[in-house]
Undergrad: 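If you scroll down you'll find the structure; I have some questions about it.
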Amino acid sequence: MRKAIAVVLSLGLVRGMLVGMAGAGAGMGVTVLLRAALGLSAWNPGPVVAIGTITGVLAYLAGLGAFSYWIRWALVAEPSKEGERHRYGWTRYLCVDINHKVIGIQYMATSILVIMVAGALALIFRIELSTPGRTIMGPGLYNRFMSLHGISMVAATLIGVSGLMNYLLPLMIGARDMAFPRLNALSYWLIPPAVVLLLTSQAAGGFDTGWTAYPPLSIKAPLGMQLMLTAFYLVGLSSILGGINFLTTIFKLRAPGMSFFRMPIFVWATLATALLQIVFTQFIGMVLIMLLLERLLGLGFFDPAREGNVLLFQHFFWFYSHPAVYIFVLPGLGVISEIVPVFSRKPLFGYKAVAISTLGIAVGGTMVWGHHMFAAGMEPYLRIPIMMTTLLVAVPTGVKIFSWLATMWMGKLKLDTPLLFAMTSIAVFLVGGLTGIPLAIVATDLDLTDTYWVVGHFHHTIFGGFVFPLMAAIYYWFPKVTGKFLNERLGKLHWGIMTVGFFTSYLPYFWLGLNGMRRRVYDYDPGLQPMHLVATVGGFMIGLGFLLLLSNLLVSAWRGARAPANPWHAQTLEWQVTSPPPEDNFPLPPQVVGSPYSYGVPGSVHALMPPGGAGEDGGKEAT
Amino acid sequence: MAVIAHTAHKDKLAIHRLGLWLFIISDSFLFLGLLFSRFYLQGVRRPPEINQPLGLAISIVLILSSLAAYRGETAAAYGDIKRFRRNILLTLGLGALFLVGVGLEWSEAFRSFPPSTGYGTIFFTLTGFHAFHVVTGLLALTVALLPGQRARLQEGNSWGVEAVVKYWHFVDVAWVFIFPTLYLVS
Amino acid sequence: MSKPSLAAKLRLGFYVLGALMVVEVTEYVIGTRVKRGAWPYLAILTLPGALPILYYFMHIKQLWHHEE
Amino acid sequence: MPKARKHLLILAVLVLVATAALAYLFLQFSFLPIPASSQASTIDKLFSAMFAIAGFFLALCLIAMLYAAIAFRRRRGDASDGPPIQGNVALETAWILIPLAIVIGLGVVGGLALEKISAAPEESELEVKVTALQWAWLFEYPEWGVRSGELRLPVDRPVLFRLTSRDNDVVHSFWVPEFRVKQDAVPGRETALRVTPNAVGDYQLLCAELCGLGHAYMRASARVVPEADFMAWIESLKQ
């Protein structure tokens, strides 16, 4: 018994949460006492909770051990790395661990957990929407659930792309780890308190503003709003730190011989994503703090009575949140670019164009934020230029889709689950892209904005650019991560149910949007009910798909078939090491000599593995 | 801040430097956004009550502190530890003096344009964000004086000093833009 | 390229300081004397204010130059 | 390679057939509510053009993908790789330039349409001041100095809405689906929207921007009536 308690207490997460709660309590207590001493009303939830949040998060990080090495570094010349790399088994996933593969899995597990919770919320309010008027809940709860679903999914997506990039980037470029492993751990450990804050926000009145948190509505919202803003800020901070790490890793730690045009497309996607992360996340961080200051201290950024301007928030919000959409989807598009050549047994068609289109989407996507505000009363002279830039983003996106199709054309398609999911991704993303065109054009956007057309459009882009690629990635890399295969038949069932479920759920949204269904409404015209019912049924099919995935993951991790080092006969570097990869990835650096996708070229390889490196013979040697 | 890679010490330095620069570049967009808000909300309006001489005085203090930081860093790179300590202490003093100046400024501003007014909102936020950076910069400079860094300096590794000093200069550069924006434009 | 002496480097700091002081005081004079439309001049002056710090103090050249 | 040409030919035929079918579908069934303003007819034309273009690209990409999955699937026991085709400069240039031309064309058409729907008309406009609040709409007709909680408009007369939200209120959005255009009502500023209703009927004005608890129920009746009925209504409001 005592031993069990010792083990539980030795887990960083548990320690961090306990110390964090104590820290939050202490912070709040001191603030209350200070306020009383200053003659203010002792209990004012806003500032008291704000201070408590800050002290709580700092205490949590300290209790966790996220700062331990740096403190030792400040105090002694040669800080010991004690406790950093000697932990094995499942407990290391609940502690500060600086191995990028552990951190990647931590991210992925958190992301899937949050997706499950937010998805369950969506199913609950889809039931509500299956009939007009009240079905199971009132409008207040509906607004709260809808808002929590939105922001949680945004967070889950940011966490998920970080996870993918964390696990794969160093392996794909032949590095032993990220450039800053401890910073990497800190980036991950900022996430759990954000999740906790999002959940506690529901106990503090919740927030009913949608994920966009537009003032003045968000100024008037209850205390839960404040917790949501802090949570969002933590996720943003994690994203910035992650971006710095990814960029440094790509620039400095590529294996010898890996020039930029020998990098896998996923690495290009990481590069573009990280650039967007470090530049644009600052703006959302700033505007969230502005909102907090306006709520807490009565500053007047957004209050017209005090020379503020509501549109300032919207400009900054979308100046981040549009590029953020590319943060969500670029890694997913990278995953598709990895999977399609391997399972088509053909080189990626037009590699350079695809690589450059990745940067093109990222750069072009920075100048399009205003298309979210065509009807918002935005400066009218911005409308036409932003319409043009938005339309131009379609060109590099098209390059990607055409290149994937040309890669598959005349190939030898191996229709395994990863490729099936990649194909669903392409189809879904295509519909998402095409339905975006009427949203880019001002005249039609004036009809469509704030309707279910928009909701359908972005669920298509996010499912096509993140969720389905994530599924593809799980089936593709699970053998690498665990050394075991996922069950293929269960996988195909999962694929079928999710694909059918997705289109059943989200195609009706376009019809609904055109016919007067506003987004974020609790009640609607009874004439729209049949389509809503269809959408709800589709939603439950997606949910069932997720349950199948979860069972497949658990069953296969327990008793899946053994996977060799390179089961798909892929050429990128991560497949040239054992499954699961060694603790240090590459004991000796590989020498990159060619393209990552030269399938069908006799005798060609992407990299020469140094003698003694595992898996040299292309996966015939099971490990 | 350790780096695990197939890299030598020289490469580690380049990696650390790139990481720090990326952080600084990222952080500068925060100030860019704040400066943009000032012009978006207030145009180039400036209240007559703002204390321009005090603004100039604290600007000069901050620039002087940057010089001291530069001298400290250079001395550290050349192994002159005594001069390094003297100059970093001077930087800390000047930085604290700058904060005192901002405090004076705030107490005046509270009377003429409190945070609940249009200009006050901008003024307190911009100077507040900057002051927060100054405080973190002072903390970082203090770390450079702690035993761990001193021992590494004796081995000829001055990266820690270089890093905190670079951050301090960045805080100065930010002020170079904030000072005219808040105190001088018309 | 021989490494410049410590004294030379420290002297360089004073030159930079002098330049920055000139810029700040010029900005101040413009800001106090020019009643209307001072902002374009000030916008231009921020560059000679920031660039010396970036170049001489922060060694921005490190970003694309790796000789040190 | 005749085999490669055969595949391309089949693809071309399938895509043409599917595009024609989709075009027929879009033209035969209207997916939109009836248009009730002159702006709506401009916008609906734009919708049709975009549906046609989208239909073509949807058919092209989906059919190419499904065709590849069927015709190029790996046969049992075949472990060989596909042909090592790295790319094709002409093809890649084409799929950059053709979409580029299409989106620029769409941009120009879209810009002209925006000009058309937001241009000030030659005849005199009926001005309506709209104030949004949580959770109701107020309409003011300054020409006669009357106010109302429901919106009535004379048919075929251009209307200029001047929208705002109260200072301590939140953002709302003015939308009548049959008019096709939407405009936010923002606290602290006035936004404008031009509509020329051209079909008599009873419509609903909806708030399209999330505005709190009563958002779903923030509706008002919007009736387009003949000129004479409208004047009679104004007279009744004056009393």
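Lettering of chains follows the sequences in order, A, B, ..., and the numbering in each one begins at 1. Heavy atoms only: backbone and side chains are in, while hydrogens, waters and symmetry mates are out. Computed from a predicted model, the values in this text were never measured in an experiment.
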Undergrad: Please flag which part of A/Leu415 lies under 4.5 Å from any non-hydrogen atom of chain D: side chain, backbone, both or neither.
TA: side chain

Undergrad: Kindly state whether the ring of A/His569 and the ring of A/Phe343 have centres lying under 6.0 angstrom apart.
TA: no

Undergrad: Look at A/Tyr522, A/Phe402, A/Tyr214 and state which one has the largest set of heavy-atom pairs under 4.5 Å with chain D.
TA: A/Phe402

Undergrad: Just checking, is any N or O donor in the side chain of A/Thr424 or A/Thr499 under 3.5 Å from an acceptor N or O on the other one?
TA: yes

Undergrad: Which residues pass the side chain to side chain donor-acceptor pair (under 3.5 Å) test with A/Ser598, sequence neighbours left out?
TA: A/Gln571, A/Ser604

Undergrad: Identify the residues of residues 34-48 of chain D whose heavy atoms come closer than 4.5 Å to a heavy atom of chain A, ordered by number, or report 'none'.
TA: D/Ile43, D/Leu46, D/Phe47

Undergrad: Can you confirm if the aromatic rings of D/Phe72 and D/His7 lie within a centre distance of less than 6.0 Å?
TA: yes

Undergrad: With a 4.5 angstrom heavy-atom cut-off, is it the side chain or the backbone of D/Ile104 that approaches chain A, or both, or neither?
TA: both

Undergrad: Might you work through the side chain to side chain donor-acceptor pair (under 3.5 Å) test for D/Ser221 and D/Glu150, ending with a clear yes or no?
TA: CA-CA 5 Å; D/Ser221 127; D/Glu150 66 165 324; 3.2 Å; yes

Undergrad: Below 4.5 Å from any heavy atom of chain A, which atoms of D/Trp175 appear? Answer side chain, backbone, both or neither.
TA: side chain

Undergrad: Indicate, with yes or no, if the rings of A/Trp409 and D/Tyr67 have centres closer together than 6.0 Å.
TA: yes

Undergrad: Can you tell which part of D/Val186 gets under 4.5 Å to a heavy atom of chain A, answering side chain, backbone, both or neither?
TA: side chain

Undergrad: Would A/Phe301 and A/Phe313 count as a close aromatic pair, with their ring centres under 6.0 Å?
TA: no

Undergrad: Without placing hydrogens or testing angles, list every side-chain donor-acceptor pair under 3.5 Å for residues 376-387 of chain A, not counting sequence neighbours.
TA:
from: A/Glu379; atom 1: OE1; to: A/His315; atom 2: NE2; distance (Å): 3.0
from: A/Glu379; atom 1: OE2; to: B/Tyr40; atom 2: OH; distance (Å): 2.8
from: A/Arg383; atom 1: NE; to: A/Phe374; atom 2: O; distance (Å): 3.4
from: A/Arg383; atom 1: NH2; to: A/Phe374; atom 2: O; distance (Å): 2.9

Undergrad: Name the member of A/Leu348, A/Asp303, A/Leu311, A/Val431 that forms the most heavy-atom pairs with chain D at distances under 4.5 Å.
TA: A/Leu311

Undergrad: Looking just at side-chain N and O atoms, do A/Lys412 and D/Ser80 make a donor-acceptor pair shorter than 3.5 Å?
TA: yes

Undergrad: For D/Cys61, which atoms come within 4.5 Å of any heavy atom of chain A: side chain, backbone, both, or neither?
TA: both

Undergrad: With a 4.0 Å cut-off, would you call D/Glu125 and D/Arg194 a salt bridge?
TA: yes

Undergrad: Any idea which of A/Pro139, A/Ala394, A/Gly308, A/Gly516 has the most non-hydrogen atom pairs under 4.5 angstrom with chain D?
TA: A/Gly516

Undergrad: Heavy-atom pairs under 4.5 Å with chain D - which of A/Ser403, A/Gly210, A/Ala353 has more of them than the others?
TA: A/Ser403

Undergrad: So what's closer than 4.5 Å to chain A heavy atoms on D/Ile117: side chain, backbone, both or neither?
TA: side chain

Undergrad: Please classify the contact between D/Arg219 and chain A as side chain, backbone, both or neither, with a heavy-atom cut-off of under 4.5 Å.
TA: side chain

Undergrad: I'd like to verify something: which residue of D/Gly212, D/Pro99, D/Ala192, D/Ala185 has the highest number of heavy-atom pairs under 4.5 Å with chain A?
TA: D/Gly212

Undergrad: With a 4.5 angstrom heavy-atom cut-off, is it the side chain or the backbone of D/Leu8 that approaches chain A, or both, or neither?
TA: both

Undergrad: Could you tell me whether A/Arg144 and A/Asp208 make a salt bridge, using a distance below 4.0 angstrom between a side-chain N and a carboxylate O?
TA: no

Undergrad: Please confirm whether the ring centroid of D/Trp95 lies under 6.0 Å from the ring centroid of A/Phe349.
TA: yes

Undergrad: How about A/Tyr597 and A/Thr407: do any of their side-chain heavy atoms sit closer than 4.5 Å?
TA: no

Undergrad: Do D/Ser173 and A/Asp450 get their side chains close enough for a donor-acceptor pair, meaning under 3.5 Å?
TA: no

Undergrad: Please state whether the side chain, the backbone, both or neither of D/Arg180 comes within less than 4.5 Å of a heavy atom of chain A.
TA: both

Undergrad: What part of A/Leu217 lies closer than 4.5 angstrom to a heavy atom of chain D: side chain, backbone, both or neither?
TA: both

Undergrad: If you count heavy-atom pairs within less than 4.5 Å of chain A, which of D/Thr191, D/Val108, D/Asn88 leads?
TA: D/Asn88

Undergrad: With only heavy atoms counted, which part of D/Phe51 is less than 4.5 Å from chain A, the side chain, the backbone, both or neither?
TA: side chain

Undergrad: Quick check on D/Gln183 against chain A: is it the side chain, the backbone, both or neither that has a heavy atom closer than 4.5 Å?
TA: both

Undergrad: Any donor and acceptor pair, going by atom type alone, linking the side chain of D/Arg73 with main-chain N or O of A/Lys414 inside 3.5 Å?
TA: no

Undergrad: Considering residues at least two apart in sequence or located in another chain, which fulfil the side chain to side chain donor-acceptor pair (under 3.5 Å) criterion with A/Tyr509?
TA: A/Arg126

Undergrad: Checking D/Ser118 against chain A: side chain, backbone, both or neither under 4.5 Å from a heavy atom?
TA: neither

Undergrad: Hey, which of D/Ala113, D/Ala71, D/Ser165, D/Pro187 has the most heavy atom pairs under 4.5 Å with chain A?
TA: D/Pro187

Undergrad: For the candidates A/Ala375, A/Gly350, A/Pro304, which exhibits the highest count of non-hydrogen atom pairs separated by less than 4.5 Å from chain D?
TA: A/Ala375

Undergrad: Quick one: which of A/Arg519, A/Met146, A/Lys220 has the most heavy-atom pairs under 4.5 Å with chain D, could you say?
TA: A/Lys220

Undergrad: At a heavy-atom separation under 4.5 Å, does D/Met50 approach chain A through its side chain, its backbone, both, or neither?
TA: side chain

